[in-house]
Structures are given as structure tokens and as C-alpha cells.
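This chain uses plain numbering: 1 for the first residue, then up along the sequence. FYI, side chains are in, hydrogens and waters are out, and symmetry mates aren't considered; it's all heavy atoms of this structure.
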Amino acid sequence: MATVSFDHVTKKYGDVTAVHDFNLEIADGEFMVLVGPSGCGKTTNLRMIAGLEEISDGTLRIGDRVVNDVPPKDRDIAMVFQSYALYPHMTVRDNMAFGLKLRKVPKSDIEKRVADAAGILSLDKYLDRKPKELSGGQRQRVALGRAIVREPAVFLMDEPLSNLDAKLRVQTRAEIARIHQRLGTTMVYVTHDQIEAMTMGTRIAVMSEGLLMQVGTPQTLYDSPANRFVAGFIGSPSMNFIDVTLEGSGADAKLVGAGGWVVPLPRRLAESVAAQGVRKIIAGFRPEHLDIGEGGDNATAFQGKADVVEYLGNEELLHVTAANQDIVAIVGSEHRVKPGDILTLVLPMDKLHLFDAESGASLVSERTAVAA
């Protein structure tokens, strides 16, 4: 096992900077997920770890060794790609063993490693089959097995679930998480799917346009996003955002938006925001934090009309028009909302996020400050 360290790493393609001054410490045995929209630089970072892309500037270490100029074969890494890249004429056993044979590993060791990996991945009864006889999920497990038998210091995974259907993605996601728990090997996993990132990662690094936006545990990113981008990217459905202005001060402070949107602010929060000299603000709140009710202490309430109701079994996803804004809310299905219903939606004040409208940075350093 090993650590992976990015120290001011930059990657340029001519005049285009794909990754800019990237700094990240991946701990020994950690499951780090690099997440972000297409073109943000996450796969480029993974390929730099693998040695498939040269580093334009900065230093990359695996363990204590600088690997900027180390060939891929000497980096002690194993990579699982989006495509399975299996040899169609070989059995599962031979596909998993092929890399070890090239390295002249003794036959007895190869057999043991393949058997162990097959046991971990529940592939025992498929070892004599060829890839065309397997389902997509089974083929992906073979690709994982081929990496596991290498016993590398670091596993690299580049969107390995994107070719699977929804049910198989959920199953394989859990399998990969179990593999990490069992092996304890450092894993770096790239995905554009924030649900994969939230459910699998020990920590998550969120990227946008070649820049690192925030690194933290899934709960930290969800509860305390550093900026509007992270707040909008993490969470499904996405966070609601409203453009507002801070008016008044002290006990009279409030957020005012278009269409008569008014949210009174607790004194401590108002003072915290005012001290930063910001008046133009983006207010954010998650759909799952809204409820139907009458409001109360440490909460704000507003009325809206339900336009679309999506029934999800134990809950309903509502598309609501409130003060000329489109709001998404998730509420319990016991409310039995119908399109056209006039609702009072309640938001606890400790679930309100505030961002600088100009920079996008969070204006609340601690979520507890909102409830005061």
C-alpha cells in the first residue's frame, strides 16, 4: 500500500491547461474519489498517477518516491478502465492470470492469487468461461480481478461502472466498496456520478475546469460545501438557489429576492454575513430539507403552487412555483400532494446555505451559525 501526493501539479496541452496547480494528499489505504463534470481534469489526474500522461509542472509521489519520470510498468499500480479490455479468446482464469505470467510469477503463486481474487469477487464458477459467456457485471468483475491479483500499491479506477445498467451499477458499487474494506489498498476512483462518489469514497475531491474545488468526507461536502459549485454538484436532486439581497441589520436583517421573496435572518447569521461586506447573495437549500407545514421557531415558511408531482413510493418529488421561482422539494408521500395544490413549505434555518453572488464562496463557515 502507499500514499499518493500531488504537489502543485499542472498539466497543459499546448495553450490549454487541463489541471491547474493541483494539490492533494491521498492517505495510505484511503478510497479517494475524484468527481466533477466532463472535462474537469479528473481523468487527466488519474492518468498522471498511472504514468500515461506526462506532468507539465509540479511533483507527483507514490509513497516516498517521486514518479514524474518513472515508466508506468514500474509504478506498482493497477488500473481498471471504463471498457473491460478482456481478451475474448482467453478464459476468465487466463485473463486474470495474464499479467502475472508476463512478470514470470511462479505458477503456484498465480493459481493462489487467481483463486483468492475469484473468491472475493464470487467468480469461482466462471473461471473456465470466456468473456462472451458473461454478463456486463461479471466482465467488470473479471477486470477488477485482473487488477486485484497484481497486489498493487494503488488501484486506479476510471469510471468502471459507466457501461453497466442501473441495477448492476448499484450491485457493483457495493462490491467495490467491500473489496476496498477487505484489501485495505489505496484506491483512486474517477467518476462524474456524484451518487457513486458519495456512497463509495472515504473522501471526495470535487473538481471543476481543472481546479480543485473542495476535498472532504461525503458528509462534509453535503453539510458544508465550500462554494456554490460544490453545493450544486453534490446532492440529488440539486440544491435550490435563489438570488437575494441582504437588507437591514441586526434583528431587522432579512434576505429579499424577486417576486416578494423575504427570509428574516437570525441576528448571529446576519452579523456574520454583514461582517464580510457582502450584500448580493445566493441563498441555497436542499429539496429534502423542505417540508409541508406551518413554520415555527428557527424556520422560515413560504407558499407555492405544486406544478408537477413525481410519486416515488415512500416520498414525493414536487416541482413548485413560489414567488416566481422554480423550487424542487422532496416530502413524505403521506402528504398526497396533487398538481395545482397550494402548499406552505417550511425550511429549517440551520439548513439554509448562503453564498457570495460574485465569488460563489460560502458565507457560513459553520452550519451551526445559521441556527443561532
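Side-chain contact between His8 and Asp21 is present, with at least one heavy-atom pair separated by less than 4.5 Å. In this structure, the side chains of Ile179 and Ile120 come closer than 4.5 Å at one or more pairs of heavy atoms. You'll find the side chain of Phe355 reaches within 4.5 Å of the side chain of Pro225, heavy atoms only. At least one side-chain heavy atom of Lys101 sits under 4.5 Å from a side-chain heavy atom of Ile110. Taking 4.5 Å as the limit, every side-chain heavy atom of Pro131 sits out of range of all side-chain heavy atoms of Val142. Residues Val337 and Leu343 meet the side-chain proximity criterion, which asks for heavy atoms closer than 4.5 Å. Put simply, the side chain of Leu212 does not reach to within 4.5 Å of the side chain of Asn23, judged on heavy atoms. In this structure, the side chains of Met48 and Thr44 come closer than 4.5 Å at one or more pairs of heavy atoms.
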Report task. Please assess Asp165 against Arg169 for the test salt bridge (charged side-chain N to carboxylate O under 4.0 Å, His left out), listing each intermediate value before the final yes or no. Result -> CA-CA 6 Å; Asp165 62 38; Arg169 275 202 303 273; over 6 Å; no

Report task. Apply side chain to side chain contact (heavy atoms under 4.5 Å, CB included) to the pair Asp243 and Ile281, showing each step before the final yes or no. Result -> CA-CA 6 Å; Asp243 292 323; Ile281 294 169; over 6 Å; no

Query - side chain to side chain contact (heavy atoms under 4.5 Å, CB included) between Arg203 and Glu30, intermediate numbers included - result: CA-CA 8 Å; Arg203 286 192 303 153; Glu30 185 171 26; 2.5 Å; yes

Report task. Please report the C-alpha distance between Ile204 and Thr217 in whole Å, then the side-chain angles of each, then the deciding distance to 0.1 Å, and finally whether the side chain to side chain contact (heavy atoms under 4.5 Å, CB included) criterion is met. Result -> CA-CA 6 Å; Ile204 302 170; Thr217 64; over 6 Å; no

Query raised in the report: For Leu46 and Val188, what are the C-alpha separation, side-chain angles and deciding distance, and is it a side chain to side chain contact (heavy atoms under 4.5 Å, CB included)?
Result: CA-CA 7 Å; Leu46 198 75; Val188 186; 3.7 Å; yes

Query - Test log, rule side-chain hydrogen bond (donor to acceptor under 3.5 Å, both in side chains), inputs Thr321 and Asp307 - result: CA-CA 7 Å; Thr321 298; Asp307 297 320; 2.5 Å; yes

Report task. Give the C-alpha distance, both sets of side-chain angles, the deciding distance and a yes or no for side-chain hydrogen bond (donor to acceptor under 3.5 Å, both in side chains) between Thr3 and Arg61. Result -> CA-CA 8 Å; Thr3 60; Arg61 292 181 176 85; over 6 Å; no

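In terms of heavy-atom proximity, Arg75 sits nearest to Val67 at NH2-O, 2.6 Å. The minimum heavy-atom distance between Pro218 and Thr202, with the atom names listed, is CD-O, 3.6 Å. Residues His353 and Asp223 share a closest heavy-atom pair of CE1-O, 3.1 Å. Closest non-hydrogen pair, Val346 versus Ala299, comes out as CG1-CB, 3.8 Å. Closest heavy-atom contact between Met96 and Ala117: CE-CB, 3.6 Å. When every heavy atom of Met349 is checked against every heavy atom of Pro264, the shortest pair comes out as CE-O, 3.5 Å.
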Would you list the atom pairs, donor with acceptor, under 3.5 Å between side chains in residues 145-158 and any protein atom, with sequence neighbours excluded?
| residue | atom | partner | partner atom | Å |
| --- | --- | --- | --- | --- |
| Arg146 | NH1 | Ala85 | O | 2.7 |
| Arg146 | NH2 | Tyr84 | O | 2.9 |
| Arg146 | NH2 | Ala85 | O | 3.4 |
| Arg150 | NH2 | Ile77 | O | 2.7 |
| Asp158 | OD1 | Thr43 | OG1 | 3.3 |

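Cluster membership for Val328 and Val331, using ILVMFWY side-chain heavy atoms within less than 4.5 angstrom, is not shared. Under a hydrophobic clustering in which Ile, Leu, Val, Met, Phe, Trp and Tyr are joined whenever their side-chain heavy atoms come within less than 4.5 Å, directly or via other members, Ile242 and Met239 fall into different clusters. A single hydrophobic cluster is seen to contain both Val309 and Ile327, as judged by linkage of ILVMFWY side chains at heavy-atom distances under 4.5 Å, directly or through other members. Leu211 and Val35 fall within a single hydrophobic cluster, where Ile, Leu, Val, Met, Phe, Trp and Tyr side chains are chained together by heavy-atom contacts under 4.5 Å. No continuous path of hydrophobic side-chain contacts links Ile55 to Val66 [ILVMFWY only; heavy atoms under 4.5 Å].
Evaluation of the ring-ring contact (aromatic ring centres under 6.0 Å, His included) test over residues 247-286, restricted to residues two or more places apart or in two chains, returns Trp261-Phe302. Under the ring-ring contact (aromatic ring centres under 6.0 Å, His included) criterion, the residue pairs touching residues 31-54 are Phe31-His180, Phe31-Tyr189, with sequence neighbours excluded. Within the structure, ring-ring contact (aromatic ring centres under 6.0 Å, His included) contacts touching residues 93-148 (residues at least two apart or in different chains) are Tyr87-Phe98.
The distance from the NE2 atom of His89 to the NZ atom of Lys132 is 12.5 Å, given to the nearest 0.5 Å. The distance from atom CD of Gln181 to atom CZ of Arg178, rounded to the nearest 0.5 Å, is 8.0 Å. Remark: Ser362 OG to Ile282 CD1 distance equals 11.5 Å, nearest 0.5 Å. Expressed to the nearest 0.5 Å, how far CG of Leu352 lies from CG of Leu269 amounts to 7.0 Å. Remark: Leu290 CG to Leu345 CG distance equals 5.5 Å, nearest 0.5 Å. Interatomic distance, CZ of Arg139 versus CG of Leu134, reported as 6.5 Å (0.5 Å rounding).
Remark: the Glu316 side chain and the His335 side chain contain no N/O donor-acceptor pair separated by less than 3.5 Å. With hydrogens and angles left out, the side-chain atoms of Gln194 and Tyr222 include no donor and acceptor closer than 3.5 Å. If you check the side chains of Glu159 and Thr191, you find no donor sitting under 3.5 Å from an acceptor. Between the side chains of Gln140 and Thr172, not a single donor N or O lies within less than 3.5 Å of an accepting N or O. Defined by atom type and a distance below 3.5 Å, a donor-acceptor pair is present between the side-chain atoms of Arg173 and Thr199.
Atom CD of Glu54 sits in a sparse spot, with 12 or fewer heavy atoms from other residues, nucleotides or ligands closer than 6.0 Å. Heavy atoms of other residues, nucleotides or ligands lying less than 6.0 angstrom from CD of Gln325 number more than 12. Under a cut-off of 6.0 angstrom, the local environment of CG in Asp64 is sparse, with at most 12 non-hydrogen atoms contributed by other residues, nucleotides or ligands. Heavy atoms of other residues, nucleotides or ligands lying less than 6.0 angstrom from CD of Glu334 number more than 12.
Taking Asp109 as the reference, Val105, Pro106 meet the side chain to side chain contact (heavy atoms under 4.5 Å, CB included) condition, with sequence neighbours excluded. Looking at residues two or more places apart in sequence or on another chain, you find a side chain to side chain contact (heavy atoms under 4.5 Å, CB included) between Val308 and Glu310, His319.
Residues Asp128 and Arg93 are paired through a salt bridge, judged by an N-O separation under 4.0 Å between the basic side chain and the carboxylate. The residues Arg141 and Glu175 are annotated as salt-bridged, a charged nitrogen and a carboxylate oxygen being separated by less than 4.0 angstrom.
In terms of modelled atom types and a separation under 3.5 Å, the side chain of Asn95 and the main chain of Met90 share a donor-acceptor contact.
Both the sub-6.0 Å distance and the 45° axial angle are not jointly satisfied by Arg336 relative to the ring of Tyr311.
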